[in-house]
Novice: 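What follows is a structure written as structure tokens; I'll ask about it next.
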2 protein chains.
Amino acid sequence: MKTIEQLLESKNIRVTAMRLLIYKFLAKKEVAVTLSDIENAFEKADRTTLYRTVKTFEEKAIVHQIDDGTGITKYALCEKGCNCEIETDLHLHFHCNNCNETICLTDHKIPQIKVPDGFVSENVNLVVKGICDKCSV
Amino acid sequence: MKTIEQLLESKNIRVTAMRLLIYKFLAKKEVAVTLSDIENAFEKADRTTLYRTVKTFEEKAIVHQIDDGTGITKYALCEKGCNCEIETDLHLHFHCNNCNETICLTDHKIPQIKVPDGFVSENVNLVVKGICDKCSV
DNA sequence: AAAACCAATGCAATGGAAGTGCATTTATTA
DNA sequence: TAATAAATGCACTTCCATTGCATTGGTTTT
């Protein structure tokens with residue numbers, strides 16, 4: 001059981017108050033968040049700082065970016081079962097058309113996709129849209 | 001064999017010179033294009049006109065929109081094998097990380113994706129990224 | 001401990017794409 | 001031909017992503 005500090009240090013990311021707060025915020029959320037979401041949660045911090053923090057996390061495979069088709073980039077922590085460094089370990093994302101939230105279905109791996117001869121598949125982005133469990137009752 | 005004029009009329013779209021040109025441009029291209037691509041091809045036309053023309057085509061299921069993860073919306077003609085009106089008829093798209101082009105793999109349908117209980121799947125967006133046939137030789 | 005250094009933060013500004021309101025032109029219909 | 005409706009063009013706005021630069025703050029070196 002690592003502390004957040006240890007996790008950051010193990011990835012060569014300097015531990016700062018801001019980064020700890022942002023990490024905790026992401027950990028608390030169970031859905032993918034936009035930069036604006038983070039911004040609203042930390043009114044005192046500057047957009048740029050948040051932006052660059054998230055980018056840093058992304059480079060070091062602490063968060064992954066999600067393009068759910070809303071046109072706004074979302075981010076979510078890479079956690080248990082999410083090995084973003086490994087190309088082939090890709091889970092799918094679900095976007096709710098009702099509440100507009102996007103969640104990682106970490107344990108739903110993407111099936112092998114066949115592409116025509118001559119094409120080389122490196123990466124797959126799969127977003128399922130519909131109604132989430134909270135909205136479908 | 002329908003003429004473009006007949007196709008447009010059959011979908012209740014007024015035939016104009018601009019629309020014919022845009023349709024032909026899309027038909028000529030074998031890849032999905034951005035609004036800017038169209039804009040560059042028709043320097044004399046206004047962005048807005050192109051934008052609204054494409055939107056009109058989209059509403060009438062003549063083109064479909066593609067979100068390939070580049071952050072820029074792309075469009076491609078719906079043609080043989082592409083029945084965009086039918087929700088379940090979804091083909092996949094391939095985005096080349098080298099030449100940055102996105103093409104429709106019309107005959108590659110998206111496999112059935114299982115989602116957890118309580119989730120209702122309405123739509124699926126699947127983009128495979130890698131190297132296309134032209135770039136992989 | 002002080003100086004030098006580098007990374008993190010904050011502020012301001014830019015750029016690109018999507019979208020909207022309104023005036024004008026063009027086409028359709030009465 | 002007049003009246004009407006749709007298509008086009010121009011100007012502008014908004015929103016998100018991104019960058020440059022000055023400043024702050026923490027590390028390392030001497």
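Only heavy atoms go into these numbers, but all of them, side chains included; no hydrogens, no water, no symmetry mates. Lettering of chains follows the sequences in order, A, B, ..., and the numbering in each one begins at 1.
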Novice: Heavy atoms only, 4.0 Å cut-off, all strands: where does A:Thr34 land among base, sugar-phosphate and nothing?
Specialist: nothing
Novice: Figure out the OH/P separation between B:Tyr23 and D:dA7, and round it to whole Å.
Specialist: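 So the OH-P distance, B:Tyr23 to D:dA7, works out to 18 Å.
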Novice: Is the distance between the ring centroids of A:His91 and A:His64 under 6.0 Å?
Specialist: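 A:His91 vs A:His64: aromatic centres under 6.0 Å.
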Novice: Any salt bridge linking B:Glu122 with A:Lys129? Criterion: basic side-chain nitrogen under 4.0 Å from a carboxylate oxygen.
Specialist: no
Novice: Measuring to OP1 and OP2 of C:dC6, would you say a side-chain N or O of A:Arg14 lies under 4.0 angstrom away?
Specialist: no
Novice: Is atom NZ of A:Lys29 surrounded by more than 12 heavy atoms (other residues, nucleotides or ligands) closer than 6.0 Å?
Specialist: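 At most 12 heavy atoms, drawn from other residues, nucleotides or ligands, come within 6.0 Å of this atom.
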Novice: Has A:Lys55 got more than 12 heavy atoms of other residues, nucleotides or ligands less than 6.0 Å from its NZ?
Specialist: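 Check passes, neighbour count above 12.
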Novice: Take atom CD of A:Glu5 and atom P of D:dG26, then tell me their distance rounded to the nearest Å.
Specialist: 15 Å
Novice: C:dT28 C1' sits how many Å from B:Leu8 CG, rounded?
Specialist: 17 Å
Novice: To the nearest Å, how far apart are B:Leu50 CG and D:dA7 P?
Specialist: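 Spelled out: CG on B:Leu50 to P on D:dA7 is 15 Å.
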Novice: Hey, mind stepping through B:Phe42 and B:Phe25 against ring-ring contact (aromatic ring centres under 6.0 Å, His included) and telling me if it holds?
Specialist: CA-CA 10 Å; B:Phe42 300 95; B:Phe25 174 75; 5.7 Å; yes
Novice: What's the closest nucleotide to the side chain of B:Ser36 if the choices are D:dA17, D:dC16, C:dA17?
Specialist: C:dA17
Novice: Quickly work out the A:Asp46 CG to D:dA17 P distance and round it to whole Å.
Specialist: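 So the CG-P distance, A:Asp46 to D:dA17, works out to 15 Å.
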Novice: Within the structure, does a side-chain N or O atom of B:Arg47 lie under 4.0 Å from either OP1 or OP2 of C:dG19?
Specialist: no
Novice: Per the atom types in the model, does the base of D:dG20 pair as donor or acceptor with the side chain of A:Arg52 at under 3.5 Å?
Specialist: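 Indeed there is one.
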Novice: Report the distance from atom CD of A:Glu39 to atom P of D:dT18, rounded to the nearest whole Å.
Specialist: 14 Å
Novice: Taking only N and O in the side chain of B:Lys55, is any of them less than 4.0 Å away from OP1 or OP2 of C:dG19?
Specialist: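 Yes, because at least one side-chain N or O of B:Lys55 sits under 4.0 Å from OP1 or OP2 of C:dG19.
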Novice: What is the distance, to the nearest angstrom, from the CE atom on A:Met18 to the P atom on D:dT24?
Specialist: 18 Å
Novice: Do the side-chain N or O atoms of B:Tyr51 get closer than 4.0 angstrom to the phosphate oxygens (OP1, OP2) of C:dA18?
Specialist: no
Novice: When you check the phosphate oxygens OP1 and OP2 of C:dT9, does a side-chain N or O of A:Thr16 lie under 4.0 Å from one of them?
Specialist: yes
Novice: Should B:Thr49 be listed as having a side-chain N or O under 4.0 Å from OP1 or OP2 of D:dG9?
Specialist: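 Yes, because at least one side-chain N or O of B:Thr49 sits under 4.0 Å from OP1 or OP2 of D:dG9.
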Novice: Starting at the 5' end of DNA chain C and moving along, which residue's nearest nucleotide shows up first, B:Val15 or B:Gly71?
Specialist: B:Gly71
Novice: Please give, in whole Å, the distance from D:dT18 C1' to A:Gln65 CD?
Specialist: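 Spelled out: CD on A:Gln65 to C1' on D:dT18 is 13 Å.
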Novice: Is any side-chain N or O of B:Thr48 closer than 4.0 Å to OP1 or OP2 of C:dG19?
Specialist: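 The answer is no; no side-chain N or O of B:Thr48 sits under 4.0 Å from OP1 or OP2.
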